[in-house]
Amino acid sequence: MTPANERTIASVTHLSSFAQYVFPLGNFIAPIIIWSAKKNDSEFVDYNGKQILNFQLSIFAYSAILVLISLPLLIYGFVDLIGTNCTFSNFEVDFNGFHNQKITTLIGIAIVAFVLFMFLKVFEFILIIYAAVKASNGEQYKYPLTIPFFK
């Protein structure tokens, strides 16, 4: 395999993780297909395939942690907020003072976790493009904050 082909395949492997915006789990499936097909042909492609898969698995783990933190807190916060100010009479619901309530600490934590999740997705998008450019230049790039699942 020529060095130009190696760089192109490595670059496409990084960019293939954008398949997540086309079909579910595309960020795992597309890079795995490319990596598994070409990993034995080139050490450079093998290295880049491992890097993108490690990065995608790490982003998934960080996202799952943020969802596991924010979702229960958000649900509990809203249930608590509605439960203390809600009366039922004649099949009508009256939310007394709901619009005047302060946001609880739990909802605040959930909002912060959601903002961190959005930052994580922007961070992911930028780093994938950066890694693809590095790969197209023939440089080995190691994503920051990546857990090494594949070595």
Side-chain angles (χ1 to χ4, degrees), residues 1-85 95 98-151:
M1 181 177 300
T2 66
N5 284 346
E6 288 179 346
R7 292 193 312 261
T8 302
I9 291 169
S11 214
V12 168
T13 304
H14 286 286
L15 294 174
S16 69
S17 64
F18 288 134
Q20 68 184 321
Y21 301 114
V22 178
F23 58 91
L25 300 176
N27 56 331
F28 299 112
I29 296 169
I32 285 173
I33 290 171
I34 296 169
W35 175 60
S36 63
K38 297 294 183 178
K39 70 180 178 181
N40 296 329
D41 298 341
S42 165
E43 287 183 30
F44 186 69
V45 173
D46 184 41
Y47 174 82
N48 282 283
K50 289 176 185 176
Q51 291 303 310
I52 188 61
L53 290 173
N54 284 336
F55 182 64
Q56 288 301 315
L57 287 169
S58 298
I59 291 292
F60 177 75
Y62 300 144
S63 299
I65 289 168
L66 288 172
V67 167
L68 289 174
I69 289 171
S70 66
L71 196 60
L73 292 177
L74 191 61
I75 292 170
Y76 177 76
F78 276 123
V79 167
D80 185 44
L81 188 63
I82 291 172
T84 58
N85 298 310
F95 296 103
F98 179 73
H99 57 280
N100 294 328
Q101 290 291 327
K102 295 180 182 178
I103 295 179
T104 65
T105 305
L106 298 176
I107 294 174
I109 292 170
I111 290 171
V112 168
F114 178 76
V115 169
L116 285 173
F117 174 75
M118 299 307 330
F119 174 75
L120 187 67
K121 294 310 278 182
V122 170
F123 182 69
E124 173 191 17
F125 189 84
I126 292 168
L127 285 180
I128 290 170
I129 292 172
Y130 186 71
V133 169
K134 289 286 193 178
S136 71
N137 292 334
E139 302 173 36
Q140 290 188 341
Y141 179 72
K142 184 171 173 26
Y143 288 96
L145 305 174
T146 302
I147 302 166
F149 295 102
F150 298 102
K151 295 183 181 193

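The first residue of the sequence shown is numbered 1, and numbering continues consecutively from there.
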Fill in: Test side chain to side chain contact (heavy atoms under 4.5 Å, CB included) applied to Ile128 and Ile52, step by step
CA-CA 8 Å; Ile128 290 170; Ile52 188 61; 4.3 Å; yes
If you look at every heavy atom in [X] and [Y], which pair is closest and at what distance?
X: Lys121; Y: Gln20; answer: NZ-OE1, 3.4 Å
X: Ala30; Y: Ser16; answer: CB-O, 3.5 Å
X: Pro31; Y: Leu53; answer: CB-CD2, 3.9 Å
X: Glu6; Y: Phe44; answer: O-CD2, 3.9 Å
X: His14; Y: Ala135; answer: CD2-CB, 3.9 Å
X: Ala37; Y: Asp41; answer: O-OD2, 4.1 Å

Do [X] and [Y] come close enough that some side-chain heavy atom pair is under 4.5 Å?
X: Lys142; Y: Gln51; answer: yes
X: Phe123; Y: Leu116; answer: no
X: Phe60; Y: Gln56; answer: no
X: Asn48; Y: Thr13; answer: no
X: Glu43; Y: Tyr47; answer: no

Practice prompt. Count the heavy atoms belonging to other residues, nucleotides or ligands that lie under 6.0 Å from CZ of Phe114, then report whether that count exceeds 12.
Written response: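 No - once you tally the heavy atoms of other residues, nucleotides and ligands closer than 6.0 Å, there are 12 at most.
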Discussion item. Set out, in order, the CA-CA distance, both residues' side-chain angles and the distance that settles side chain to side chain contact (heavy atoms under 4.5 Å, CB included) for Leu145 and Ser58, then state yes or no.
Written reply: CA-CA 8 Å; Leu145 305 174; Ser58 298; over 6 Å; no
Worksheet item: In this structure, which one of Tyr62, Tyr141, Phe125, Tyr143 forms a ring-ring contact (aromatic ring centres under 6.0 Å, His included) with Phe55?
Response: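 Between Phe55 and the candidates, ring-ring contact (aromatic ring centres under 6.0 Å, His included) is satisfied uniquely by Tyr143.
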Fill in: Backbone N/O of Ala132 and side chain of Ser11: donor-acceptor pair under 3.5 Å
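Here the side-chain-to-backbone pair exists.
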Discussion item. Can a donor-acceptor pair be found, under 3.5 Å and without considering hydrogens, that links the side chain of Asn54 to the backbone of Pro148?
Written reply: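 Looks like no, no N/O pair under 3.5 Å.
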Separation between [atom1] of [X] and [atom2] of [Y], rounded to the nearest 0.5 Å:
X: Leu127; Y: Ile59; atom1: CG; atom2: CD1; answer: 7.5 Å
X: Thr2; Y: Arg7; atom1: OG1; atom2: CZ; answer: 8.0 Å
X: Thr146; Y: Leu57; atom1: OG1; atom2: CG; answer: 10.0 Å

